[in-house]
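What follows is a single structure, written as structure tokens, with notes after it.
Ligands are counted one by one from 1 in listed order, and the atoms in each one are counted from 1 as well. Positions are given from 1 along the sequence.
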Amino acid sequence: MTSLDAPLAVLGLGAAGSSALWRAAARGADVIGFEQHTPGHPHGSSHGHSRLFRTALVEGPQYVGLAQHAQRLWRELEQVTGTELLTLCGGLFLGPEQGRLLPPILETIRAHDLPHELLDAAAVRSRFDQHTIDDGTAGVLDPGTGVVRAEAGIHAAVRAAVGLGAQVRTGERITAVEPVDTGVEVHSTGLDGPRTWRFGRVIMATGAWTPSLLPALTVPMQVRRTLLTWFGAPDAARFGPDRFGVFLHEADGYLAWGAPVLEGYGVKVGLHDLVVPAVDDPSTNPLEVAPHEWAEVAGWVSRRLPDLDAGDVRAEGCMYTHTPDEAFSIGAPAAYPGVVLAAACSGHGFKHATAVGDAAAALAVDEEPPVDLAPFSPDRFS
Ligand SMILES: Cc1cc2nc3c(=O)[nH]c(=O)nc-3n(C[C@H](O)[C@H](O)[C@H](O)COP(=O)(O)OP(=O)(O)OC[C@H]3O[C@@H](n4cnc5c(N)ncnc54)[C@H](O)[C@@H]3O)c2cc1C
């Protein structure tokens with residue numbers, strides 16, 4: 001009988017994988033994590049200092065349990081590592097009452113009885129005059145929204161995992177993943193050259209690279225280039241977490257999102273549905289951004305946040321991995337026995353990463369997952 005290198009491996013140590021490694025180690029698993037770069041690198045989907053954390057989710061009530069579990073774990077990770085990761089500065093959601101933003105957010109709020117405050121246009125204008133809104137725009141204020149630190153969160157999770165005995169191999173690229181009778185065979189290439197590993201189970205957290213490593217998955221995943229853009233705030237205090245907070249704003253045909261001035265970064269603004277090119281090979285998506293790529297978001301900023309400097313732009317390339325229903329894929333895909341997928345897809349996964357990693361780790365050691373994973377089955381399209 002072939003012996004195993006370890007009972008469990010986590011492939012990819014971005015947002016989901018670093019958390020899965022930590023949560024597997026916290027369950028006492030003998031686990032090895034693999035990363036082609038080093039954790040916290042800027043070549044995947046998890047760089048750029050911060051991500052929005054929301055519980056009153058426009059994505060639907062089915063994500064609330066995941067977000068609440070994630071919040072508990074971000075707090076635990078803060079405690080374990082002594083790092084500030086999550087700042088709940090509050091969030092303002094703006095849009096037409098019958099638009100595509102406020103109705104689903106209010107549905108989520110009502111389904112889970114979440115604290116909130118409703119604002120009419122006059123109240124928004126007097127309390128949050130940084131935003132230029134249309135007549136008829138309403139606001140929902142959510143105290144449970146904030147910002148989670150991106151690279152710091154990944155570093156913290158890896159540190160916590162290593163502290164619990166997990167091994168980490170960086171600069172080691174996985175070239176193939178094959179279920180075999182005894183578990184899963186993993187081929188890699190790294191400093192020691194090509195190598196074949198055998199594990200009982202494997203958690204796949206390879207983000208945008210997942211479709212090429214697991215081509216028989218039945219959940220379609222499309223990788224798209226997207227941007228991280230920050231804008232200068234001449235009056236930084238007016239755009240800080242205590243006076244500005246996080247926002248989502250449906251206006252000018254876009255769902256814009258943003259985060260306040262934080263730790264040397266300007267106001268982060270993105271357009272969720274900006275049409276962006278597909279990425280054939282995630283390894284070649286450039287970090288550099290050409291000025292024409294940010295022109296649309298700069299135009300939106302000059303109209304809707306006119307006191308920011310729309311000409312003072314810092315930008316980095318990033319990637320979204322989309323599924324057709326914009327939902328995650330967490331669970332054991334039928335096509336790959338022994339594999340647990342931890343794919344936090346479609347541009348809203350960072351906040352949930354600790355919960356996604358925890359759920360994947362639970363499944364990998366045959367425990368009941370801590371949250372309902374039915375909406376996220378990797379086989380829901382078969
Ligand atoms: C511009 C932008 C804004 C976003 N805003 C938000 C937000 O406000 N709130 C929110 O919750 N989410 C947001 N997201 C989404 C969130 O960032 C992602 O869902 C999340 O970071 C995805 O994490 P991941 O672990 O799946 O992927 P990644 O973090 O990319 O991790 C995958 C890892 O696997 C490694 N890997 C891949 N292939 C291999 C291989 N063959 N061998 C070894 N290692 C490999 C990669 O190097 C990488 O480190 C945003 C995303 C973008 C791009």
Side-chain angles (χ1 to χ4, degrees), residues 9-21 33-55 57 59 63 66-67 70 74 91 145-148 150-151 153-154 157-158 169-177 186-190 203-214 221 223-230 246-248 257-259 268-272 274 276 279 281-283 285 289 297 315-323 326 328-330 341-357 360:
V10 177
L11 310 186
L13 299 179
S18 60
S19 286
L21 190 74
F34 291 79
E35 170 54 54
Q36 61 185 345
H37 300 292
T38 51
H41 69 85
H43 307 292
S45 300
S46 297
H47 55 290
H49 183 250
S50 65
R51 291 291 187 273
L52 272 50
F53 183 93
R54 295 172 285 118
T55 312
L57 287 149
E59 291 84 4
Y63 287 93
L66 207 59
W74 285 120
T145 284
V147 171
V148 61
E151 293 91 342
I154 292 172
V158 170
R169 294 188 66 97
T170 59
E172 184 107 20
R173 188 165 61 83
I174 307 304
T175 51
V177 178
V186 171
H187 302 270
S188 76
T189 175
I203 296 176
M204 277 308 278
T206 41
W209 288 262
T210 305
S212 57
L213 286 166
L214 300 182
M221 292 184 187
V223 180
R224 290 198 166 272
R225 174 168 172 78
T226 185
L227 306 182
L228 295 153
T229 34
W230 295 263
V246 157
F247 75 86
L248 297 183
W257 51 266
K268 195 175 194 180
V269 183
L271 300 177
H272 183 66
L274 189 67
V276 281
V279 172
D281 176 0
S283 298
N285 183 47
V289 180
V297 61
E316 290 174 5
C318 195
M319 290 176 285
Y320 280 163
T321 305
H322 286 282
T323 56
E326 305 264 295
F328 302 161
S329 290
I330 313 165
L341 197 58
C345 294
S346 300
H348 57 110
F350 199 97
K351 68 180 80 55
H352 300 286
T354 44
V356 171

For this session: Taking only heavy atoms of H37 into account, list the atoms of ligand 1 that are under 4.0 Å away from them.
Result: 47 (O)
Exercise. Of all the atoms in ligand 1, which lie at a distance below 4.0 Å from a heavy atom belonging to L228?
Worked result: 1 (C)
Exercise. When you measure from atom 50 (C) of ligand 1 to every protein heavy atom, which one gives the shortest distance, and what is it?
Worked result: R51 NE, 3.4 Å
For this session: Give the residue, atom name and distance (to 0.1 Å) of the protein heavy atom nearest atom 30 (O) of ligand 1.
Result: S45 N, 2.9 Å
Exercise. What's the shortest heavy-atom distance between P211 and A208, and which atoms?
Worked result: CD-O, 3.4 Å
Problem set entry | Atoms of ligand 1 close to A16 [distance to a heavy atom under 4.0 angstrom, numbered from 1] | 25 (O)
Exercise. Under a heavy-atom criterion of less than 4.0 Å, does H43 contact ligand 1?
Worked result: no
Seminar exercise, completed: The option among P42, A205, G17 carrying the non-hydrogen atom nearest to atom 33 (C) of ligand 1 is A205
Exercise. Should the heavy atoms of other residues, nucleotides or ligands under 6.0 Å from CZ of R169 be counted, would the total exceed 12?
Worked result: yes
For this session: Compute the minimum heavy-atom distance from L213 to ligand 1 and say whether it is under 4.0 Å.
Result: yes
Problem set entry | Protein contact to atom 23 (O) of ligand 1 [nearest heavy atom, distance to 0.1 Å] | S46 OG, 3.4 Å
For this session: Starting from the C-alpha separation in whole Å, work towards a yes-or-no answer on side chain to side chain contact (heavy atoms under 4.5 Å, CB included) for E326 and E59.
Result: CA-CA 8 Å; E326 305 264 295; E59 291 84 4; over 6 Å; no
Exercise. Using a heavy-atom cut-off of under 4.0 Å, does the side chain or the backbone of T226 touch ligand 1, or both, or neither?
Worked result: side chain
For this session: With rounding to the nearest 0.5 Å, note down the distance linking CE in M221 to CG in L214.
Result: 8.0 Å
Exercise. Relative to the heavy atoms of A15, which atoms of ligand 1 are at a distance of less than 4.0 Å?
Worked result: 21 (O), 23 (O), 25 (O), 29 (O)
Exercise. Does S212 use its side chain to pair, donor to acceptor, with the backbone of W209 at less than 3.5 Å?
Worked result: yes
Exercise. Between the side chain of K268 and the main-chain N/O of G48, is any donor-acceptor distance below 3.5 Å?
Worked result: yes
Exercise. Taking atom CD of E151 and atom NE2 of H47, what is their separation to the nearest 0.5 Å?
Worked result: 8.0 Å
For this session: To the nearest 0.5 angstrom, please state how far the OG atom of S188 sits from the CD atom of Q36.
Result: 12.0 Å
Exercise. Considering only heavy atoms, does H348 approach ligand 1 within less than 4.0 Å through its side chain, its backbone, both, or neither?
Worked result: backbone
Exercise. Quick one: does I174 get an N or O within less than 3.5 Å of an N or O on ligand 1?
Worked result: yes
For this session: Heavy-atom contacts with Y320 under 4.0 Å: which atoms of ligand 1 show up? List them by number with element.
Result: 2 (C), 50 (C), 51 (C), 52 (C), 53 (C)
Exercise. Do T189 side-chain atoms and R173 backbone N/O form a donor-acceptor pair below 3.5 Å?
Worked result: no
Exercise. Is the shortest N/O to N/O distance between G349 and ligand 1 below 3.5 Å?
Worked result: yes
Exercise. Does ligand 1 have an atom that lies less than 4.0 angstrom from a heavy atom of A343?
Worked result: no
Problem set entry | Interatomic spacing from CG in L213 to OG1 in T206 - rounded to 0.5 Å | 5.0 Å
Exercise. Looking only at N/O atoms, are R173 and ligand 1 under 3.5 Å apart anywhere?
Worked result: no
For this session: Please report which non-hydrogen protein atom sits nearest to atom 27 (O) of ligand 1, along with the residue it belongs to and the distance in Å to one decimal place.
Result: G207 CA, 3.7 Å
Exercise. Nearest protein heavy-atom contact for atom 47 (O) of ligand 1: which residue, which atom, what distance?
Worked result: E35 OE2, 2.6 Å
For this session: Identify the heavy atoms of S50 and V147 that sit nearest to each other, and give their distance.
Result: CB-CG1, 3.5 Å
Problem set entry | Atoms in ligand 1 with a heavy atom of C318 nearer than 4.0 Å | 52 (C), 53 (C)
Problem set entry | Close approach, W257 and ligand 1, non-hydrogen under 4.0 angstrom | yes
Exercise. About how many Å separate OG of S283 and NE2 of H43, when rounded to the nearest 0.5 Å?
Worked result: 10.0 Å
Problem set entry | Atom pair CD1 (I154) and CG (L13), whose distance is rounded to the nearest 0.5 Å | 9.0 Å
Seminar exercise, completed: The protein heavy atom nearest to atom 44 (N) of ligand 1 is Q36 N, 3.1 Å
For this session: State if H41 counts as touching ligand 1 under the rule of any non-hydrogen atom under 4.0 Å.
Result: yes
Problem set entry | Sidechain-backbone polar pair: W74 side chain, A353 backbone, donor-acceptor under 3.5 Å | no
For this session: Mind telling me whether H272 and Y320 have parallel, tilted or perpendicular rings, with 30° and 60° as the class edges?
Result: tilted
Problem set entry | Closest protein heavy atom to atom 16 (C) of ligand 1, given as residue, atom name and distance to 0.1 Å | F350 N, 3.4 Å
For this session: For G347 and ligand 1, answer yes if some heavy atom of the residue is under 4.0 Å from a ligand atom, otherwise no.
Result: yes
Seminar exercise, completed: Atoms of ligand 1 under 4.0 Å from any heavy atom of L52, numbered from 1 in the order shown, are 7 (C), 8 (O), 9 (N), 10 (C), 11 (O)
Problem set entry | Contact check, V148 vs ligand 1, heavy-atom distance below 4.0 Å | no
Problem set entry | For G44, atoms of ligand 1 separated by under 4.0 Å from a heavy atom | 30 (O)
For this session: Hey, can you tell me if F328 and H352 have their rings parallel, tilted or perpendicular (30° and 60° cut-offs)?
Result: perpendicular
Exercise. Which residue supplies the protein heavy atom nearest to atom 1 (C) of ligand 1, what is that atom called, and how far is it?
Worked result: L227 O, 3.3 Å
Exercise. Are the side chain of T175 and the backbone of H187 linked by a donor-acceptor contact shorter than 3.5 Å?
Worked result: yes
